[in-house]
Protein chains: 2
Amino acid sequence: MPTTPSTTARSKRAGSQLTPDAIIEASLRIAARGSQDAFTVRRLGEELGADPTAIYRHFRDKDELLLSVADRTLGEVLDSIPEGLDWKDRIRALAAGSLEVALKYPVVGSAMASRTTRRPHEFRVVELILGAVMEAGLTGRDAAVHYRMVGDSLLAFVGQQAAYLLFTPDVRAADESSWSREYRLVDPEQFPNITRLSAELPEVTDEQIFHIRVEALISAIETRARTLRET
Amino acid sequence: MPTTPSTTARSKRAGSQLTPDAIIEASLRIAARGSQDAFTVRRLGEELGADPTAIYRHFRDKDELLLSVADRTLGEVLDSIPEGLDWKDRIRALAAGSLEVALKYPVVGSAMASRTTRRPHEFRVVELILGAVMEAGLTGRDAAVHYRMVGDSLLAFVGQQAAYLLFTPDVRAADESSWSREYRLVDPEQFPNITRLSAELPEVTDEQIFHIRVEALISAIETRARTLRET
DNA sequence: ACCTGAACACCGTTCAAGT
DNA sequence: ACCTGAACACCGTTCAAGT
């Protein structure tokens, strides 16, 4: 028995040689478990059936691995966007796909909120947004600035929602109940607006907020394009 | 000499008794050092001249301390907003003040991007934003949803910029140079839009992006108020 | 009543040793 | 050429012991 290695966890990985792709896929499996499984190099080693430090043979450090993992998830986002949409619906589809994927892999969505992967799938996302703002009628500096507005805003929005999923249940519960607890108990004299809207504030959903945020981005592009046409 | 305690680091804190306020102020001093000094309980003990674990006598855990520290920084934001502004300029002043304070205490700005302090200064910020959207003409559910759009968006925007300041210099340098490196080298056939805007994209500044993001929020409120007036 | 300090259960990463 | 595993320099938090 000790002489046949075929039944150990490690040898089950058929070939037992680590590859960048295998490490990225193991990372995605861990990331998909959300807050119940931290994305650490030690857990990654477990998932791969290898020593935790083995990944350093294939990635300079954890940050470089994260960028590769993130670029892979951008592939999922791109795959979710149908062909033949006009510029507004392309931005809407990108937003919806980004949110879905960020909530599927919260640790990735959260960590990338102020980053760039600098990798192929990100190039395609940039190309897509630039195509949309140019189809809307923007050029040169206007196109560049409005691309950044859309790209950075989408990253910030989905990153914000993704980060929330990583908090422990008790922290999330305390934050969520604040509208019906702390904000219900404020002094009506000092905070008349909060008091007046105390019934409506807890009712607002993340989906509503995300929707009007995305529409605000589209409106901003439209308004700028109209201003340019009129002058 | 050993009998007089007046020259030790600890006794310099006049009374040598820790208070929540002293801990919050020490936290702000560390946070203001940005990426060159991590905000850890051990460093906090150093800053206070006390044992690292002494803070657990005054705060349940590091998260509760963070919420108190964050609420204190919201006080700085509120102090920066002049009286007598109309609703648009109040939102602009809140945005500018939030960004300034978040960049002054990056670890706080970053950590609060998807949180609520549930504390007095935050109540005042919420009251301010609600007052602005109601002055613009929104009521009930519309006011609640647009308040959340403004509040959550400002947190996301300033948190995104603050988080960036916490990365190591080499990570920041690699991200910043991507427009003039990786994005300059893309295939012009496959990425015509990126190629066409390769000169403009690196020129866009964080200030420009922040400005149009805030104006987009104001426009969204204005547009909704006009729609309601017209029906 | 409050503070100390050892201890616990974690992190990412390096490097000499193995195969 | 690649993987292992001990080791290092960190984390936040608990708890028995001190004063």
Side-chain angles (χ1 to χ4, degrees), chain A residues 2-5 8-23 26-27 30-31 33 35-69 107-108 110-111 166-171, chain B residues 2-5 8-23 26-27 30-31 33 35-69 107-108 110-111 166-171:
Chain A
T3 52
T4 159
T8 71
R10 195 169 316 148
S11 62
K12 271 186 189 156
R13 286 186 310 92
S16 95
Q17 196 93 326
L18 251 38
T19 63
D21 264 8
I23 296 171
S27 301
I30 296 168
R33 288 179 213 140
S35 64
Q36 62 184 324
D37 233 347
F39 176 47
T40 67
V41 302
R42 276 171 179 82
R43 177 135 356 234
L44 193 48
E46 231 174 72
E47 184 73 25
L48 288 161
D51 189 271
T53 66
I55 64 152
Y56 289 94
R57 293 287 120 208
H58 301 91
F59 294 94
R60 184 158 47 79
D61 53 25
K62 201 191 174 190
D63 191 66
E64 208 200 275
L65 169 59
L66 173 72
L67 296 184
S68 295
V69 171
V107 73
V108 181
S110 170
L166 299 176
F167 291 112
T168 54
D170 56 303
V171 167
Chain B
T3 53
T4 160
T8 70
R10 197 170 315 149
S11 61
K12 273 186 189 157
R13 288 185 305 93
S16 94
Q17 196 93 323
L18 250 39
T19 63
D21 264 7
I23 296 171
S27 301
I30 296 168
R33 289 179 212 140
S35 64
Q36 62 184 325
D37 233 348
F39 177 48
T40 67
V41 302
R42 278 170 178 83
R43 176 131 1 230
L44 193 48
E46 231 174 72
E47 185 73 25
L48 289 162
D51 189 272
T53 66
I55 66 153
Y56 288 94
R57 292 287 122 208
H58 301 89
F59 294 94
R60 185 158 46 80
D61 53 24
K62 201 192 174 190
D63 191 64
E64 209 200 272
L65 168 59
L66 173 72
L67 296 184
S68 295
V69 171
V107 73
V108 180
S110 170
L166 298 176
F167 291 111
T168 55
D170 55 302
V171 167

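So that the names make sense, note that chain A is the first sequence line, chain B the second, and so on, each numbered from 1. Any value given below was found using the heavy atoms of this structure, including those in side chains, with hydrogens, waters and symmetry copies removed.
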Undergrad: Within this structure, what is the CG-to-P distance between Asp51(A) and dA1(D), rounded to whole angstrom?
TA: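 Going from Asp51(A) (CG) to dA1(D) (P), I get 20 Å.
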Undergrad: Regarding Thr168(B) and Asp170(B), do their side chains bring together a donor and an acceptor under 3.5 Å, going by distance alone?
TA: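 Yes.
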Undergrad: Establish, from distance only, whether the side-chain atoms of Thr53(B) and Asp51(B) form a donor-acceptor pair under 3.5 Å.
TA: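 Yes, side-chain donor-acceptor contact under 3.5 Å.
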Undergrad: Going by the rule salt bridge (Lys or Arg N to Asp or Glu O under 4.0 Å), which residues pair with Arg33(A) if we only count those two or more places apart in sequence or in a different chain?
TA: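 With neighbours one apart ignored, the set is Asp37(A), Glu47(A).
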Undergrad: Determine the minimum heavy-atom distance between Leu44(A) and Ser27(A), stating which atoms define it.
TA: CD1-OG, 3.6 Å
Undergrad: Mind calculating the distance between CD (Glu46(A)) and P (dG12(C)) to the nearest angstrom?
TA: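 Rounded to whole Å, this separation is 13 Å.
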Undergrad: Please give, in whole Å, the distance from dG12(C) P to Leu44(A) CG?
TA: 10 Å
Undergrad: Strictly below 4.0 Å, heavy-atom distances to any atom of DNA chain D: list the hits from residues 52-60 of chain A, or just say none.
TA: Thr53(A), Ala54(A), Arg57(A), His58(A)
Undergrad: Let's see if you can work this out: which of dC11(C), dC2(C), dG12(D) has an atom nearest to the side-chain heavy atoms of Thr40(B)?
TA: dG12(D)
Undergrad: Quick check: closest heavy atoms across Lys62(A) and Thr40(A), and the distance to 0.1 Å?
TA: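 Smallest interatomic distance, heavy atoms only, reads NZ-CA, 4.3 Å.
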Undergrad: In whole angstrom, give the distance that lies between atom CZ of Phe39(B) and atom P of dC10(D).
TA: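 Distance, rounded to whole Å: 18 Å.
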Undergrad: Using atom CG of Leu48(B) as one end and atom P of dC3(C) as the other, report the distance to the nearest whole Å.
TA: 10 Å
Undergrad: For DNA chain C, report each stem as range with range, ordered by first number, or say none. Use Watson-Crick or G-U wobble pairs under 3.5 Å, at least 3 in a row.
TA: C:4-8 with D:12-16, C:12-16 with D:4-8
Undergrad: Within the side chain of Asp61(B), is there an N or O that forms a donor-acceptor pair under 3.5 Å with the backbone of Glu64(B)?
TA: yes
Undergrad: Hey, which of these two, Arg42(A) or Arg42(B), hits DNA chain D nearer its 5' end, going by closest nucleotide?
TA: Arg42(A)
Undergrad: Rounded to whole Å, please give me the gap between CG in Leu18(A) and C1' in dA1(D).
TA: 13 Å
Undergrad: Give a yes or no on whether the backbone of Leu18(A) and the side-chain of His58(A) come within a donor-acceptor separation of less than 3.5 Å.
TA: yes
Undergrad: Might you work through the side-chain contact (heavy atoms from CB on, under 4.5 Å) test for Val108(A) and Phe39(A), ending with a clear yes or no?
TA: CA-CA 9 Å; Val108(A) 181; Phe39(A) 176 47; over 6 Å; no
Undergrad: To the nearest angstrom, how far is Asp63(B) atom CG from dG12(D) atom C1'?
TA: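 Checked: the CG to C1' distance equals 12 Å.
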Undergrad: If you take all heavy atoms of Ile30(A) and Ala38(A), which pair is closest and at what distance?
TA: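 Result for this residue pair: CG2-O, 3.7 Å.
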